[in-house]
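To start, the structure under review is shown below, and the notes come after it.
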2 protein chains.
Amino acid sequence: MLKYQQIAEEMERYIEDHGLKQGSKLPVIEALMKQYGVSKSTIIKTLELLEKKGIIFQVRGSGIFVRRQNRKGYISLLSNQGFKKDLEDYVLTSKIIELEVRKPTEEVSINLNMDLNEDVYYVKRIRYINGQTLCLEESWYNKSIITYLNKEIVSESIFHYITEGLGLKVGFSDVYLQVDKLNEEEAAFLGLEKDAPKLLVESIFHLTNGQPFDFSKVTYNYQQSQFFIQANSHFF
Amino acid sequence: MLKYQQIAEEMERYIEDHGLKQGSKLPVIEALMKQYGVSKSTIIKTLELLEKKGIIFQVRGSGIFVRRQNRKGYISLLSNQGFKKDLEDYVLTSKIIELEVRKPTEEVSINLNMDLNEDVYYVKRIRYINGQTLCLEESWYNKSIITYLNKEIVSESIFHYITEGLGLKVGFSDVYLQVDKLNEEEAAFLGLEKDAPKLLVESIFHLTNGQPFDFSKVTYNYQQSQFFIQANSHFF
DNA sequence: CAGTGGTCTAGACCACGAA
DNA sequence: TCGTGGTCTAGACCACTGC
């Protein structure tokens, strides 16, 4: 593990364990250098990482402060790969509706950058939170990358299998959101009435080398869907 | 302007002007160092910035590549402060419904970290895109920070006024999303039927020193609302 | 194993905020 | 004006990719 990752974890744990609130001041860079016995650049790298993750913010000429969003039960739209971390206190389960090897549709082939005659794994499942329907999920995986899937894997965390089991590294993802009304089939699966609101989230996941391997369409039950995002200044 | 910002802008313009596609390889770091006459660290800083903005991705041992999402007409949920950049080809207008100084409600006081007897500017407006209703927006500004607003300012870009006119610096924001049904009043303002889907986006904007100055609740017309987000690997 | 990106160091100097 | 974070440099060494 890299030094700056190590230090970032320790600092994150420190903030968590001491229950520091938004605005709490952390030690100055000089002190952190001494405390961890590393150079200034390494501390800065650490702080950049913590800032990206939304855990601190830095004010030039003033100091380093804790950043905390205070609402509970929201799903982060950025730390994708399942909701494990956001919804730790909730019970998440899945029901598999379909799992098979297919040829991609035109839409899928475009999003996964594949030929129409290559193979994809198609997975359709319902996810439940505390026994209530959370979402209806359809995913397509490029079979030349995700070479094998079975019911057991799919009923657990697919991302865990991809990173640990297959040893692949996830690089980045594009996420698209739309609001619309449920059609009859979706309503039936989610246990809602037709034309009720839905949030449709389409995601394309890429490996670190830029290759797309997973295209997903997730339809959320509007009653269970609260999301949040932390944005940083580099966008302004 | 800092060197690494300058170089980032030049590289971004180069990618744009040459219409480089996702996966196009850019020059190696060594070459960029020579080309711009700076040290390796500065180039790395440049590339980190471009990566955060979703313009490139880097693959260790391989190279630097262009990242591009291909869908048009989506609003970025991260580069907030109005949609100017995302919807360049569209005509955006506003109608002001209310503009006045008020005392905050409890909800507003919590989100802006204010006392109940301090003053806030309250702004309510409808925004249109190509003549269609895009959203209904309610905003509360801490009056001790945003000291003055009038109809003219509010009918244009409020963020432009805050950064240029008042010389304030926006640091970061927390964004919360929920899907629900329109109530009667919202439906009337947006020209939709009651109980139609809506996306409610609540945002809290902070200055670089961490002080919240703007709490906004924006209700989107579901027919006009397409959003996107680019996520990076540090979340995985 | 050559090429390429990533980490880490030590230190000079700059820019901003608060007193 | 001083304390603090930010930029930039030159260079050593590490780690991953792909031929």
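- Taking the six-membered ring where tryptophan is involved, the planes of F213(B) and F205(B) are tilted, since the angle between them lies from 30° to 60°.
- With sequence neighbours excluded, the residues satisfying side-chain hydrogen bond (donor to acceptor under 3.5 Å, both in side chains) with D119(A) are K103(A).
- Two end axes, each from the C1' atoms of five base pairs, can be drawn for the helix from dC1(C)-dG18(D) to dA18(C)-dT1(D); they diverge by 30°, to 10 degrees.
- Contact check on R68(A) versus E16(A) returns a salt bridge, with a Lys/Arg side-chain nitrogen under 4.0 Å from an Asp/Glu carboxylate oxygen.
- Looking at E51(B), its side chain does come within 3.5 Å of a backbone N or O of Q58(B) through a donor-acceptor pair.
- Proximity of I15(B) to L26(B): side-chain heavy atoms (C-beta onward) are separated by under 4.5 Å at one or more points.
- Counting heavy atoms of neighbouring residues, nucleotides and ligands inside a 6.0 Å radius, atom NZ of K21(A) does not exceed 12 of them.
- Listed here is the closest heavy atom pair of P212(A) and L112(A): CG-O, 3.4 Å.
- Among E138(B), E100(B), R102(B), E98(B), the one residue that satisfies the side-chain hydrogen bond (donor to acceptor under 3.5 Å, both in side chains) test with Y122(B) is E138(B).
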- Determine, stepwise, if the pair K143(A) / E118(A) fulfils salt bridge (charged side-chain N to carboxylate O under 4.0 Å, His left out). CA-CA 8 Å; K143(A) 188 165 179 293; E118(A) 293 183 83; over 6 Å; no
- Expected string for nucleotides 14-19 of chain C under the B/S/- scheme (protein heavy atoms, under 4.0 Å, primed atoms plus P, OP1, OP2 as sugar-phosphate) is -BBS--
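- Under the 4.0 Å criterion applied to side-chain N and carboxylate O atoms, E156(A) and K151(A) are not assigned as salt-bridge partners.
- Contacts between residues 27-47 of chain A and DNA chain C, counted as heavy-atom distances below 4.0 Å, involve V38(A), S39(A), S41(A), T42(A), K45(A).
- Every residue two or more places apart in sequence or in another chain that forms a side-chain hydrogen bond (donor to acceptor under 3.5 Å, both in side chains) with K217(A) is listed here: E107(A).
- Interface limits on DNA chain D: the 5'-most and 3'-most nucleotides within less than 4.0 Å of chain A heavy atoms are dG3(D) to dT7(D).
- For the residue pair R67(B)/N232(B), the side-chain donor-acceptor check at 3.5 Å is satisfied.
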